[in-house]
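In what follows, every heavy atom counts, from backbone to side chain, and hydrogens, waters and symmetry copies are set aside.
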Amino acid sequence: MKKIVLASNSPRRRELLAGLGCDFEVKVIGGITEGYPDNLSVQEIPQYIAKEKADAYSVGDDEILLTADTVVVVDDEVLGKPCDADDARRMLHKLSGRDHQVITGVCLTTAENRRVFSVTTKVTFKKLTDAEIDFYIARYKPYDKAGAYGIQEWIGYIGVTGINGSYFNVMGLPVQRLYEELNMLK
């Protein structure tokens, strides 16, 4: 099999990819924007960003480049990464007591071809108190997480009341589907 190159700073993606038993290396190019055209559907946004990330890299003949992007969607509003505590608080209040979608787009690029897919998971939060939200933001500083939360952290332990789909997708990498897609590239 070709060498996998993970183009991500995310420690969660590294942990999840390692959990598949894959040998991989991490290469990260800075300065890649995560913008997207306004006319895309919420399902298309993470795939578009994953492809844009992949376009910034060159891929060797013996490599599979893995790029990904995760968004949280509630009421057709895309919640990216919060810029500060107030933005994180706004996002968590919006998710409180409601269902939302977590969509991860993945792009697998080789010298010969490209496979792009996304996986959607529905997550339900209990009604969070202001004290719970403030504690989580102060303690965990979720500024590098779409929707201002990590399901594997305290807020997920006390706040998530339901999940329909891949738990690992909510962490940032749909490993079951990724495994299937990587097997198709062999």
Side-chain angles (χ1 to χ4, degrees), residues 1-74 76-82 100-123 142-152 163-186:
M1 185 162 169
K2 297 180 181 206
K3 176 176 60 177
I4 298 172
V5 176
L6 175 62
S8 176
N9 274 323
S10 168
R12 292 160 301 282
R13 288 195 178 116
R14 288 182 200 151
E15 174 189 345
L16 292 170
L17 188 56
L20 283 181
C22 298
D23 290 328
F24 65 95
E25 68 176 273
V26 176
K27 288 185 185 174
V28 179
I29 296 174
I32 300 172
T33 63
E34 295 187 2
Y36 53 88
D38 292 339
N39 63 339
L40 295 180
S41 72
V42 294
Q43 292 290 332
E44 295 171 309
I45 291 168
Q47 288 184 32
Y48 177 88
I49 295 171
K51 288 188 288 187
E52 288 291 301
K53 289 176 180 179
D55 289 343
Y57 292 82
S58 60
V59 181
D61 289 338
D62 65 336
E63 295 178 331
I64 299 172
L65 177 70
L66 167 56
T67 56
D69 190 73
T70 301
V71 297
V72 171
V73 180
V74 62
D76 289 325
E77 179 186 350
V78 175
L79 303 180
K81 297 171 185 168
H100 63 276
Q101 295 178 309
V102 178
I103 308 167
T104 301
V106 177
C107 183
L108 298 172
T109 305
T110 67
E112 300 85 37
N113 63 37
R114 176 176 278 183
R115 298 183 70 79
V116 182
F117 62 92
S118 66
V119 172
T120 302
T121 303
K122 180 179 148 187
V123 179
Y143 309 122
D144 65 336
K145 296 171 179 66
Y149 80 94
I151 194 168
Q152 72 281 3
I163 184 168
N164 185 359
S166 169
Y167 172 83
F168 299 112
N169 183 54
V170 182
M171 283 181 66
L173 196 62
V175 289
Q176 188 281 327
R177 175 75 184 273
L178 175 61
Y179 176 78
E180 298 298 324
E181 295 286 339
L182 286 169
N183 280 326
M184 287 187 241
L185 285 175
K186 284 185 177 180

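Heavy atoms only, all atoms of each residue included: Leu66 and Leu17 are closest at CD2-CD2, 3.9 Å. Residue Ala18 comes nearest to Phe24 through the heavy atom pair N-CE2, 3.6 Å, listed as atom of the first residue, atom of the second, then distance. Taking both residues in full, the closest heavy atoms of Pro46 and Asp69 are given as CB-O, 3.3 Å, listed atom of the first, atom of the second, then distance. The shortest heavy-atom contact between Lys27 and Tyr57 is O-OH, 3.3 Å.
In this structure, Lys53 contributes its side chain and Ala68 its backbone to a donor-acceptor pair below 3.5 Å. Side-chain atoms of Tyr36 do not come within 3.5 Å of backbone N or O of Glu44 as any donor-acceptor pair.
More than 12 heavy atoms of other residues, nucleotides or ligands sit less than 6.0 Å from atom OH of Tyr48. Heavy-atom contacts from other residues, nucleotides or ligands closer than 6.0 Å to CG of Asn113 number more than 12. Around CG of Asn39, the count of heavy atoms belonging to other residues, nucleotides or ligands within 6.0 Å exceeds 12.
Side chains of Thr110 and Glu63: no donor on one and acceptor on the other come within 3.5 Å. Side-chain N/O atoms of Gln47 and Ser118 include a donor and acceptor closer than 3.5 Å.
For the atom pair Met184 CE and Glu180 CD, the distance stands at 6.5 Å (nearest 0.5 Å). Distance CZ/Phe117 to CZ/Arg177: 5.5 Å, rounded to 0.5 Å.
In this view, Glu77 and Arg90, Lys94 satisfy the side-chain hydrogen bond (donor to acceptor under 3.5 Å, both in side chains) rule, not counting sequence neighbours. With sequence neighbours excluded, no residue forms a side-chain hydrogen bond (donor to acceptor under 3.5 Å, both in side chains) with Asp23. Under the side-chain hydrogen bond (donor to acceptor under 3.5 Å, both in side chains) criterion, Asn164 pairs with no residue, sequence neighbours left out. Partners of Asp55 under the side-chain hydrogen bond (donor to acceptor under 3.5 Å, both in side chains) rule, at least two apart in sequence or in another chain, are Arg114.
Test Asn183, Leu108, Val119, Leu16 against Leu178 for side-chain contact (heavy atoms from CB on, under 4.5 Å) and you get one pass: Leu108.
Using a 4.5 Å cut-off on side-chain heavy atoms (C-beta onward), Asn9 and Arg14 make contact. Residues Val170 and Val123 have side chains in contact (heavy-atom distance under 4.5 Å, counting atoms from C-beta outward). No side-chain heavy atom of Glu34 sits less than 4.5 Å from a side-chain heavy atom of Glu52. Using a 4.5 Å heavy-atom threshold, the side chains of Ser8 and Val26 count as separate. Contact annotation: the side chain of Ile64 never approaches that of Val5 to less than 4.5 Å [non-hydrogen atoms, C-beta and beyond]. Taking 4.5 Å as the limit, every side-chain heavy atom of Val71 sits out of range of all side-chain heavy atoms of Val42. The side-chain heavy atoms of Arg115 and Leu185, taken from C-beta on, include a pair separated by under 4.5 Å. No side-chain heavy atom of Tyr179 sits under 4.5 Å from any side-chain heavy atom of Gln176.
Each side-chain hydrogen bond (donor to acceptor under 3.5 Å, both in side chains) pair with one or both residues in residues 165-174, not counting sequence neighbours, appears once here: Thr104-Asn169, Thr121-Asn169.
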Using side-chain hydrogen bond (donor to acceptor under 3.5 Å, both in side chains), reason through Arg13 and Thr67 one step at a time and then give a plain yes or no. CA-CA 10 Å; Arg13 288 195 178 116; Thr67 56; over 6 Å; no
Apply side-chain contact (heavy atoms from CB on, under 4.5 Å) to Val73 and Ile103, showing your working. CA-CA 8 Å; Val73 180; Ile103 308 167; 3.9 Å; yes
Using distance only, find each side-chain donor-acceptor pair of residues 142-152 under 3.5 Å and give its atom names and separation, not counting sequence neighbours.
unit_1, atom_1, unit_2, atom_2, d
Asp144, OD2, Arg12, NH2, 3.3
Lys145, NZ, Glu153, OE2, 3.3
Tyr149, OH, His100, NE2, 2.6

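Using a 4.0 Å cut-off between charged side-chain N and carboxylate O, Glu112 and Lys2 make a salt bridge.
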